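Remember, it's a predicted structure, so these values are computed and weren't measured experimentally.
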Amino acid sequence: MKFEELPNELLLDLFEFCDPIQLIRSFQSLNTRFNQLLFVQFCSYRLDFRSISKANFHLMCEEYLPLIIDNVSSLCLSDGEETPQLSQHLIPYCLTLDEFTHLRSLLIQNIDTSSTLVNITLDCLYLPYLTHLKFIKCHLTSYTSPNELFLNIWSLKQLTHCTLDIIFEHTFTFATFSIMSKSIEYLSIKNFTFSSTELAYLLHSVPSVRHLFIKFGQPINTELFRIPPVKLLTRLKIHFDGSVCSLTHILKSMPNLLYLTFETETINLNGNQWKQILIDCVPQIKRFRFLMKVLSIKNNNVEEQLDDILNTFRTPFWLDEHQWFVRCDWPQHSKKLFLLYTLPYCFGDIHVIHQNQWSKTTGPNTCDYNSYDRVMNVFYNGRIDNLTLSPIVYPNVRHLTLRVSVDNYFWTIIPTLDHLISLEIIEIRGNSQSKSYLKVLLDRAPRLKYLRIDPTSCLQLAQMNISHPSLCRIHLKSYCTRMNRYLNAEQCSTLANSSLGRQCEVLTIRIDDRSIILDLVRNMCNLRALNCECRSELWSNNLTFSSDDELLVWLRSSLPDNYSISRHRSCLVQLWISR
């Protein structure tokens, strides 16, 4: 059967898996039937502009968006290193978010201009179908913006899922909220520490919330504000910095809680204490996951004390009624710190791989749950010198930070790099074994897209003419105390003319002289975004963000008009290149 003989229903299903630009390019004007499918019947265009080239962005805004804007269901925008100032580039095409009339999901990432963030939420008020809203790695810098932002978001009548990963540079309070969102059911707020007072006001403003993800912190011996019962809440994920009293105070306000994920570095509770808290406060609990990093072990008879703690998790309540198993680790490098957590391990933030001098579990088999499948972000410091205890395996690592050294146990602990997309090298020894080891890492990571490495090591890879099929982003780290922080023209030429340089699409680099910028743009044929810091400029000029920024003026006069040239708040000059 030929492709065009497939029924419309099947074709529409297949369109779901296609890149929108390639989809339209392939089938536009092929015939009347395909035009009808593309521009009338297909209503699920998912546009992700976080890695789009400027040329494709122009093509989409100029030609394709006017045809499909009413059929876009999901949109992702970012002002990150790959697409600097993208949010401002919708304006020349007379496009605003409120024109995406059937948008159901919106993701905003790496935007650090308060007015832009507030204006985005204002536009969202005109999107009647918007149910999912995410802000990732954004910054609010003004005093008034937090209140405006929350007011707009809480006014979205259909919004059910809201994630706010925003750094608030000025303090604000939920106590001033005068509006209530009756639609939000899933709420995640990062970079804000809730006291009992703030939490009470937050929960009052979202009476329909069912899933809540927050950070709590309140000094011991401070008065706890009354938190009214939240009867619809069934799932809580909390990073906790407070007392046992404040913990029970929070949990008692959530009588119907079914799922609790708890992380703390401030309290140390054994199995009997946890049992009593759960029975008294959240009797309907079905699944309980915790991670406690504790510093309260006495120096004498440490192993005996750890055994005593672990035994409190071996009671019928833990093993028979709930089948909740616990592991206790005593890291090799620590005298007093130990880790106590439930299995399977379910905490997805940066996980430091350490060698244990003592490790036991309450599970029936020591090797059960030794595969930490949910850990995707790993730091490996290369200090593992034996695996006498049951080795923990990390098979799904997507982001890896490590010191490159010859290590006999690395491949036992991280058996595959098939899922790896980001690699950061924080130290590499200047010998042939380390270089070979790094080459092996690259060869065994077929999906690797992003490499963060020091300039000297990158130049060594370039001189070895190493290539990689998917690596497209290189970030050359700066070392303030080292002589190799800034690359000269010859070194940049070596990088640009290497296999890695020719395939590189996004580059972050520190350079000696501004003229090198023109050389990199000219010689790196696939480069679509360049983020750079120029040493001569930093030493000779006072940086400003005004329109008369001398370096930006010079670059705009030296490069084509369709290049976007701006300066980030970190002082990096950013080029979004159109070829």
Pair [X] and [Y], ring centroids less than 6.0 Å apart:
| X | Y | value |
| --- | --- | --- |
| Phe177 | Tyr201 | no |
| Trp358 | Phe338 | no |
| Tyr380 | Tyr394 | no |

If you round to the nearest 0.5 Å, how far is [atom2] of [Y] from [atom1] of [X]?
| X | Y | atom1 | atom2 | answer |
| --- | --- | --- | --- | --- |
| Gln273 | Leu278 | CD | CG | 12.0 Å |
| Leu495 | Ile474 | CG | CD1 | 6.0 Å |
| Leu343 | Thr362 | CG | OG1 | 7.0 Å |
| Ile153 | Ser181 | CD1 | OG | 10.0 Å |

Mutual orientation of the aromatic rings belonging to Phe172 and Phe174 [parallel < 30°, tilted 30-60°, perpendicular > 60°]: tilted
Anything under 30° is parallel, anything over 60° is perpendicular, the rest tilted; go ahead and classify Tyr341 against Tyr345. perpendicular
Pair [X] + [Y]: basic N to acidic O under 4.0 Å:
| X | Y | answer |
| --- | --- | --- |
| Glu16 | Arg46 | yes |
| Arg569 | Glu169 | yes |
| Lys237 | Glu263 | no |
| Arg447 | Asp418 | no |
| Glu82 | Arg473 | yes |

I need the single residue from Thr342, Leu269, Ile267 that forms a side chain to side chain contact (heavy atoms under 4.5 Å, CB included) with Phe262. Which is it? Ile267
Would you say [X]'s side chain and [Y]'s backbone share a donor-acceptor pair under 3.5 angstrom?
| X | Y | answer |
| --- | --- | --- |
| Thr312 | Gly271 | yes |
| Asp329 | Pro331 | no |
| Ser183 | Leu159 | yes |
| Ser243 | Ser246 | yes |
| Lys477 | Ile425 | yes |

Side chains of Thr173 and Glu198: any donor to acceptor distance under 3.5 Å? yes
Taking atom types as modelled and ignoring hydrogens, do the side chains of Asp280 and Gln276 form a donor-acceptor contact shorter than 3.5 angstrom? yes
Output a table of donor-acceptor pairs, distance under 3.5 Å, between side-chain atoms of residues 216-233 and any protein atom two or more places apart or on a different chain; print 'none' if there are none.
{"residue": "Gln218", "atom": "OE1", "partner": "Ser196", "partner atom": "N", "Å": "2.7"}
{"residue": "Gln218", "atom": "OE1", "partner": "Ser196", "partner atom": "OG", "Å": "3.0"}
{"residue": "Gln218", "atom": "NE2", "partner": "Thr222", "partner atom": "OG1", "Å": "3.1"}
{"residue": "Gln218", "atom": "NE2", "partner": "Glu223", "partner atom": "O", "Å": "3.0"}
{"residue": "Thr222", "atom": "OG1", "partner": "Pro219", "partner atom": "O", "Å": "2.7"}

Using a 6.0 Å distance limit plus a 45 degree cone around the ring axis, check whether Arg235 lies over the aromatic ring of Tyr259. yes
Please list, chain by chain and in numerical order, all residues satisfying ring-ring contact (aromatic ring centres under 6.0 Å, His included) with Phe313, sequence neighbours excluded. Phe290, Trp318
Look at atom CZ of Arg398 and say whether more than 12 heavy atoms of other residues, nucleotides or ligands are closer to it than 6.0 Å. no
Between His322 and Phe317, is the ring-ring contact (aromatic ring centres under 6.0 Å, His included) condition met? List the steps. CA-CA 6 Å; His322 295 286; Phe317 174 83; 4.8 Å; yes
Test side-chain hydrogen bond (donor to acceptor under 3.5 Å, both in side chains) applied to His139 and Thr141, step by step: CA-CA 6 Å; His139 284 76; Thr141 56; over 6 Å; no
